[in-house]
Each structure stands twice: as C-alpha cells, then as structure tokens.
Amino acid sequence: MAHRLRPVGLAFTRTAPVRLVFAGEMTASPEVVFRALADDVPGWSDWFPAVRSIGLIDEGAGRKVRLAGGTRFRETIVAAEPDELYAYRVDEATVPGVHALLEEWRLTPAGTGTHVQWTWAADGNALFRLLVRLSRGALARVFRGAVTALDRRLAGQSSEQDGRPAREA
C-alpha cells in the first residue's frame, strides 16, 4: 500500500539525512541527455534497469513509476532546467519506512559530452536509513549501468538521425 511522503524541494539534496551522489561521463551533449531525461520519460524503462514502467501524469507535472520487484512511486517534477537539471520528489511510495525522497540529475558540459551527477537524497526511519547506506554499492552499479545504457541508446539514435546504421552495443 502506498503512503504519502513529506514534500521536499531542491535544497533537500544538501540537507537530507541520507545523501548518495554518483557521477559519470557520457558522450552525448547536455542538450541530448536532458531531452532523454525530461522529454522521453517512457524511454527510461529501456535504459534504467530498475524501471519497469514509467509515464507522465498530472499534465506532465508528475510521473508514475513501477520498479522491478513491484515498488511503485508517484512523483512530482520539481525542476526541469534545459540542459542542466532534472529533479523529482517522491510523493507516494510503497516502500516502508521512507519519509522523504528526492532525486536530482545535474548535467554539465564535459568536452563534447556530458558530466552527469545523480544525487539520491532521502529520509526515513532508522532501518530505512541503514538499508540505504548498505545499498550504496548496489545503487552505484545501477547508476553506472543506467548511464552506460543511456549513452549507447543516444549514440544509436544520433547515428540513425545522421543516416548511418546504429552501432551495436
């Protein structure tokens, strides 16, 4: 059963009791990466391994997410600054013990590509906080896999648009 979480804003990424920050590099430009994050929301299930289904709700102001294992979230998009920032907070979750959760994707140019920073900010009961800290390594692997898969996907789309065959992964 889903329960309501405490609404938080972007400042929560600096003040959350549990903050996990991961970073990676992509060959696609910040503009292309931002479009994949913000404009192709249903496409997340193709490159983010934990996401089974995702879609926009509330006239594009929110998202409804189902993860592997059956976890469900209802989210509000709190920031969408083209080519720089995409962030959303979880308003309802089927995860026990969580009180607040916000995810932030920051994009900065890195040569011809993009430096991607994902901040996962959360609050919850003591058991939830402990489990999240113990899951840091697993979340790091999920992030690396997602960034790699998205980079391959975007490279394939770019070569298809150029009239070249997509490269194989």
Side-chain angles (χ1 to χ4, degrees), residues 1-26 33-81 84-107 114-154:
M1 176 176 197
H3 64 277
R4 300 257 339 133
L5 277 61
R6 183 174 79 243
V8 293
L10 284 177
F12 191 63
T13 60
R14 295 182 305 278
T15 62
V18 179
R19 292 178 63 250
L20 303 178
V21 181
F22 308 101
E25 304 295 320
M26 295 181 63
V33 175
F34 180 82
R35 280 197 315 259
L37 294 173
D39 298 340
D40 185 20
V41 171
W44 281 56
S45 60
D46 295 332
W47 58 267
F48 203 100
V51 175
R52 291 296 175 250
S53 66
I54 184 170
L56 291 172
I57 57 173
D58 301 329
E59 298 178 8
R63 306 176 348 154
K64 193 171 187 178
V65 183
R66 185 175 56 87
L67 301 180
T71 300
R72 296 178 189 274
F73 295 123
R74 185 176 183 96
E75 302 170 337
T76 295
I77 299 166
V78 296
E81 298 173 18
E84 295 178 16
L85 173 67
Y86 186 67
Y88 44 90
R89 74 163 178 256
V90 176
D91 297 316
E92 294 179 9
T94 59
V95 178
V98 63
H99 300 157
L101 178 59
L102 184 126
E103 295 181 43
E104 175 189 83
W105 296 77
R106 286 210 174 261
L107 312 175
T114 304
H115 176 81
V116 179
Q117 179 178 293
W118 181 44
T119 301
W120 202 87
D123 188 15
N125 64 27
L127 178 59
F128 173 81
R129 291 191 312 265
L130 174 65
L131 291 173
V132 169
R133 287 185 180 110
L134 292 173
S135 300
R136 180 177 181 69
L139 284 170
R141 285 187 297 281
V142 166
F143 171 76
R144 280 192 306 273
V147 166
T148 299
L150 179 58
D151 205 28
R152 285 185 186 137
R153 176 183 170 94
L154 295 175

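Here the structure is a predicted model, which is why all the values come from computation and not from measurement.
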Measure from the side-chain N and O atoms of [X] to the backbone N and O of [Y], and report whether any donor-acceptor pair falls under 3.5 Å.
X	Y	answer
Thr13	Leu10	yes
Arg129	Gly124	yes
Trp44	Leu37	yes
Thr114	Met26	no

Heavy-atom pair of closest approach, residues [X] and [Y]:
X	Y	answer
Gly43	Arg153	CA-NH2, 3.8 Å
Ala36	Leu154	CB-CD2, 4.0 Å
His115	Ala23	CE1-CB, 3.6 Å
Leu101	Ala122	CD1-CB, 3.8 Å

Once you round to the nearest 0.5 Å, how far does [atom1] of [X] lie from [atom2] of [Y]?
X	Y	atom1	atom2	answer
Phe34	Glu81	CZ	CD	8.5 Å
Asp40	Arg35	CG	CZ	10.5 Å
His99	Arg6	NE2	CZ	8.0 Å
Leu102	Asp123	CG	CG	12.5 Å

So [Y] and [X], do their side chains get closer than 4.5 Å, heavy atoms only?
X	Y	value
Phe143	Leu20	no
Arg141	Phe22	no
Leu5	His3	yes
Val8	Val78	no
Val51	Leu67	yes
Arg74	Asp58	yes
Leu85	Leu107	no

**Q.** Distance under 6.0 Å and angle within 45° of ring axis: Arg63 vs Tyr88
**A.** yes
Q | Test ring-ring contact (aromatic ring centres under 6.0 Å, His included) applied to Phe128 - qualifying residues, sequence neighbours left out | A | none
Q: Sort out for me which residue in Val98, Asp91, Val90 forms a side chain to side chain contact (heavy atoms under 4.5 Å, CB included) with Phe73.
A: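 Among Val98, Asp91, Val90, the one meeting side chain to side chain contact (heavy atoms under 4.5 Å, CB included) with Phe73 is Val90.
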Q) When the aromatic ring centroids of Tyr86 and Trp105 are compared, is their separation below 6.0 Å? A) no
Q.
Does Glu103 form a side chain to side chain contact (heavy atoms under 4.5 Å, CB included) with Trp118? I'd like the steps, not just the answer.
A. CA-CA 7 Å; Glu103 295 181 43; Trp118 181 44; 3.0 Å; yes
Q | salt bridge (Lys or Arg N to Asp or Glu O under 4.0 Å) against Arg4, all qualifying residues, sequence neighbours excluded | A | Glu92
